[in-house]
Amino acid sequence: MAQILAPISQWQMRIAKDSAPACPMTAKMWSSLVFKQNKKGIVKSSGKFRVFALKSENSTINRMEDLLNLDLTPYTDKFVAEYIWIGGSGIDLRSKSRTISKPIEHPSELPKWNYDGSSTGQAPGEDSEVILYPQAIFKDPFRGGNNILVMCDTYTPQGEPIPTNKRHRAAEIFSNKKVIDEVPWFGIEQEYTLLQTEVKWPLGWPVGGYPGPQGPYYCGAGADKSFGRDISDAHYKACLYAGINISGTNGEVMPGQWEYQVGPSVGIDAGDHIWISRYILERITEQAGVVLSLDPKPIEGDWNGAGCHTNYSTKTMREEGGYEAIKKAILNLSLRHKEHISAYGEGNERRLTGKHETASIDKFSWGVANRGCSIRVGRETEKEGKGYLEDRRPASNMDPYVVTSLLAETTILYEPTLEAESLAAQKLSMNV
């Protein structure tokens, strides 16, 4: 994970009339990709038609881009809020837009909204209304200007959180005084795979075939080693623009696979920032004509899976003597291994095999600088006697609200019996 120094608090957006107009991401940056996709059809045509087709396509893109780039601020105080929520699968993201007529400084000033839950697998047709509660605001890198992205959670008309609303429970845990006093920090490493649209095969791989074995691709450079860098870089900048606490990015071990890091973020902010960063990535891959996959094992065989390693610390862990608190946290995590595994992502059993830098899904383990363990502690943490731990179990498709709140609950609120703690310490050969 890229080095992270300190968290930033959740950014709250102030919309002012004199805000400087921003340059949103537009179709122009992807025009070369569009031409590549249509190249086969153009080549078959005559030379004259080829020139005409390119001119026509350029003209259409330019006219569309002119409209997308319209700066509304000189003409109206109104702006667009993109309401974003998690769909019925628990991993898909949905959104829709609405006009906001007055400046806002906090999510609570935005109106609640509703949508058809029967079309997202979250409500029956005869009672389909689901209510959106705005929870966090980010700047919109696609529309620019005063426009915003709004992370929402979901409720019944009676005000009860629906089953896919994991944010509600996470917010309860993070509002517990014991948890607040420990100021939990999270640094999340989101891995993902880019797939070719038509064949659902990794970007850069020969269709129906395989590239050379793993080795040269991790943090590699070159046309034969790095596939999708423009998407990774565009996402990086868009996240920084939006106010997401993104801290780095890199190419991963499997070709066509990438990672970015978000954090450290405090408490519920970690989940908000990961979900909005995923939404931005979905939008960028949509524009690029590439499919985003968060499958934890997209390609079977001798290829790395995709995880969402979660680095975690509390105030006590970061202070002098914090290494003892880290070991105590690891003991607690060992006692609730099954509960965590069941909540760490669908299909994770295909990834956590004990191979390719993973631990076995059935056995809890920990170690210093060991990437084949469930929980890794860094050499620097061991040396300094304080720091953080890395939970390497979460899958790339995990829900960050669930993972972060479960870590806080297990390490801060959970109180095992002395007997259970003693047995776990013996099993892990740990002196606490």
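One is the number of the first residue; the rest follow in order along the sequence.
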For Tyr83, is the NZ or CZ atom of Lys96 found under 6.0 angstrom from the centre of its six-membered ring and inside 45 degrees of the ring axis?
no
Ignoring hydrogens, what is the shortest heavy-atom contact between [X] and [Y]? Give both atom names and the distance.
{"X": "Trp275", "Y": "Ile91", "answer": "CZ3-O, 3.7 Å"}
{"X": "Ala238", "Y": "Ile284", "answer": "CB-CD1, 4.1 Å"}
{"X": "Met151", "Y": "Asp272", "answer": "CG-OD1, 4.0 Å"}

Taking everything shown except [X] itself, do over 12 heavy atoms lie less than 6.0 Å from its [atom1]?
{"X": "Leu67", "atom1": "CG", "answer": "yes"}
{"X": "Glu419", "atom1": "CD", "answer": "no"}
{"X": "Tyr155", "atom1": "OH", "answer": "yes"}

Side chains of Tyr217 and Gln257: is there a donor and an acceptor less than 3.5 Å apart?
no
Check: Gln261/Glu259 side-chain N/O donor and acceptor closer than 3.5 Å:
yes
Are [X] and [Y] an aromatic pair by the rule of ring centers under 6.0 Å?
{"X": "Trp303", "Y": "Trp205", "value": "yes"}
{"X": "Tyr210", "Y": "Trp201", "value": "yes"}
{"X": "Phe138", "Y": "His273", "value": "yes"}

Check: [Y] main-chain N/O paired with [X] side-chain donor or acceptor under 3.5 Å:
{"X": "His235", "Y": "Glu282", "answer": "no"}
{"X": "Asp140", "Y": "Asn147", "answer": "no"}
{"X": "Gln214", "Y": "Asn304", "answer": "yes"}

Side-chain heavy-atom pair [X], [Y] within 4.5 angstrom cut-off:
{"X": "Tyr192", "Y": "Leu292", "result": "yes"}
{"X": "Val403", "Y": "Ile188", "result": "no"}
{"X": "Ser95", "Y": "Arg283", "result": "no"}

Does the pair Glu349/Lys297 count as a salt bridge with the N-to-O cut at 4.0 Å?
no
What class does the angle between the rings of Phe142 and Tyr279 fall in, given that below 30° is parallel, 30 to 60° is tilted and above 60° is perpendicular?
perpendicular
